[in-house]
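Note sheet for the following structure.
Predicted model only: the values in this text are computed from it and were never measured. Heavy-atom basis, side chains included; hydrogens, waters and symmetry copies ignored.
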Amino acid sequence: NLNGCKNLETLNLGNWDELESVIMDKCTQLKKITAYTNPNLKTWDLSNNVNLTTFESNDGGLEELLLPKSIVNVICRKNNFSSITLEDYKDLTVFDCMDNKELTSLSLTGCEKLYALKFSKTQIESFNFSGFTNLSVIDCGNTKLTAVDVSANTSLGNLYCDSLGLTNLDITHNTQLLALSCAGNELNALDVTKNKAFRQLNISDNNFDKDALNTVFTALPPFTATLS
């Protein structure tokens with residue numbers, strides 16, 4: 001119980017196997033939480049911590065998390081979420097839930113400021129990226145997605161969509177794209193003629209023949225790409 005620490009602004013909490021609950025609803029000055037390796041902390045209600053902007057919990061046991069509308073950055077890798085709903089969080093900028101092996105559902109409707117979205121290594125089968133026009137970073141590889149439509153994400157700078165079994169990937173609308181990794185798919189062609197800002201490109205382990213590879217390489221901007 002931390003409610004006696006009403007002026008607490010930063011909390012670092014980790015490597016505590018016995019921890020099962022944290023009571024801190026009266027810590028209204030709290031701005032940042034970093035937690036790690038708390039395997040028995042399964043539920044955390046932070047909805048009353050109205051000044052909280054950054055929450056990070058990695059390698060834990062979280063199954064349910066309630067956050068205030070003030071939240072800006074959320075990183076919750078390697079927990080036990082099966083579903084996550086954060087709707088109408090108007091200030092949410094970064095959301096990273098990678099490595100939640102049981103996660104099948106993710107809803108971020110109304111999070112219009114979202115800049116970076118990472119949910120790789122989950123069980124998510126579909127996600128509509130079109131409502132997030134400010135996205136600059138998407139990492140959705142090693143999931144159950146069968147298609148990645150980023151045609152509406154014209155601000156996209158980094159796209160990581162490895163090992164999805166994709167047979168088609170359209171990046172012609174993503175003219176600001178700096179880095180693309182789409183390794184381990186089933187692509188046999190990729191149009192990069194509109195992607196003049198490329199700095200990194202990984203298209204390994206696809207189905208490109210030599211002519212398709214030559215088409216990609218000759219269309220790349222000169223002296224700016226790291227290829228693999």
Side-chain angles (χ1 to χ4, degrees), residues 32 34 52-58 67 69-78 81 84-100 103 106-122 124 126-143 145-164 166 168-185 187 190-204 216 219-221 223-228:
K32 181 178 181 180
T34 303
L52 186 67
T53 58
T54 299
F55 176 83
E56 181 172 357
S57 176
N58 298 320
L67 292 169
K69 294 295 185 180
S70 58
I71 203 73
V72 176
N73 305 302
V74 178
I75 301 173
C76 50
R77 296 185 178 187
K78 291 187 178 180
F81 295 105
I84 296 175
T85 299
L86 289 175
E87 296 184 347
D88 296 317
Y89 281 73
K90 301 299 184 181
D91 294 320
L92 186 63
T93 301
V94 174
F95 186 78
D96 180 345
C97 61
M98 293 169 58
D99 281 304
N100 278 272
L103 184 64
L106 176 63
S107 179
L108 300 171
T109 304
C111 301
E112 299 166 355
K113 289 186 180 179
L114 199 61
Y115 176 86
L117 173 59
K118 300 181 180 182
F119 59 85
S120 63
K121 298 179 182 178
T122 65
I124 292 174
S126 64
F127 191 88
N128 185 354
F129 296 104
S130 64
F132 306 93
T133 55
N134 288 321
L135 274 175
S136 180
V137 179
I138 294 175
D139 188 343
C140 59
N142 292 280
T143 63
L145 294 182
T146 57
V148 176
D149 183 355
V150 290
S151 58
N153 308 105
T154 56
S155 297
L156 194 61
N158 299 268
L159 175 60
Y160 307 98
C161 53
D162 299 328
S163 302
L164 298 176
L166 298 178
N168 180 66
L169 181 62
D170 182 1
I171 54 171
T172 58
H173 298 88
N174 311 109
T175 58
Q176 298 183 44
L177 202 59
L178 298 171
L180 170 65
S181 183
C182 56
N185 284 290
L187 301 174
L190 183 67
D191 185 350
V192 298
T193 57
K194 306 296 184 183
N195 309 105
K196 302 304 182 183
F198 260 143
R199 297 294 183 273
Q200 297 180 352
L201 177 63
N202 183 356
I203 56 174
S204 60
V216 171
L220 289 171
F223 309 114
T224 59
T226 299
L227 307 176
S228 60

Aromatic ring proximity, centroids under 6.0 angstrom, Phe95 and Phe132 = no

Looking only at atom types and distance, does a side-chain atom of Asp91 sit under 3.5 Å from a main-chain N or O of Thr93, one as donor and one as acceptor?
-> no

Asp88 and Gly110: which non-hydrogen atoms are nearest, and at how many Å?
-> OD1-CA, 3.6 Å

First locate atom CG of Asp96, then atom CG of Asp99, and finally report the distance between them rounded to the nearest 0.5 Å.
-> 8.5 Å

Closest heavy-atom pair and its distance - Lys78, Asn100 = N-ND2, 3.9 Å

Aromatic rings Phe119 and Phe127: how do their planes relate, parallel, tilted or perpendicular, breaks at 30° and 60°?
-> tilted

Is a side-chain donor or acceptor of Tyr160 paired with a backbone partner of Ser120 at a separation under 3.5 angstrom?
-> no

So, for Val192 and Val216, which heavy atoms are closest and what is the spacing to 0.1 Å?
-> CG2-O, 3.6 Å

Nearest-0.5 Å distance, CZ of residue Phe55 to CG of residue Asn73 | 12.5 Å

Going by heavy atoms in the side chains, are Leu106 and Thr122 under 4.5 Å from each other?
-> no

Which heavy atom of Cys161 sits nearest a heavy atom of Leu169, and at what distance?
-> SG-CD2, 4.0 Å

Test log, rule side-chain contact (heavy atoms from CB on, under 4.5 Å), inputs Cys76 and Phe81 | CA-CA 9 Å; Cys76 50; Phe81 295 105; 4.0 Å; yes

Will you find, in the side chains of Ser181 and Asp162, an N or O donor that is under 3.5 Å from an N or O acceptor?
-> yes

Separation between CG of Asp149 and CG of Asp170, rounded to the nearest 0.5 Å = 7.5 Å

Can you name the closest pair of heavy atoms from Thr143 and Lys121 and give their distance?
-> CG2-N, 3.9 Å

Between Val72 and Thr54, is any pair of side-chain heavy atoms under 4.5 Å apart?
-> no

Give a yes or no answer on whether the side chain of Asn153 reaches the backbone of Asn174 with a donor-acceptor pair at less than 3.5 Å.
-> no

Could you check Ile171 against Leu156 for side-chain contact (heavy atoms from CB on, under 4.5 Å), going step by step and ending with a plain yes or no?
-> CA-CA 10 Å; Ile171 54 171; Leu156 194 61; over 6 Å; no

Side-chain donor-acceptor contact under 3.5 Å, Glu56 with Asn58 = yes

Quick one: pull up CD1 in Ile124 and CD1 in Ile84 and give me the separation to the nearest 0.5 Å.
-> 7.5 Å

Is Phe129 close to Leu117 at the side-chain level, that is, under 4.5 Å between some pair of heavy atoms?
-> yes

Work out which heavy atom in Ser163 is nearest to a heavy atom in Asn185; give both atom names and the distance.
-> N-ND2, 3.8 Å

From Arg77 atom CZ to Lys118 atom NZ, the distance as rounded to the nearest 0.5 Å = 5.5 Å

With side chains defined as the heavy atoms from C-beta onward, is the minimum distance between Ile71 and Leu86 less than 4.5 Å?
-> no

Main-chain N/O of Leu135 paired with Ser155 side-chain donor or acceptor, under 3.5 Å | no

State, with a plain yes or no, whether a side-chain heavy atom of Ile203 is found less than 4.5 Å away from one of Leu187.
-> no

Any donor-acceptor pair under 3.5 Å from Arg199 side chain to Ala197 backbone = yes

When you look at NZ of Lys69, are more than 12 heavy atoms from neighbouring residues, nucleotides or ligands closer to it than 6.0 Å?
-> yes

Gap between atom NZ of Lys113 and atom CG of Leu92 - 0.5 Å precision | 10.5 Å

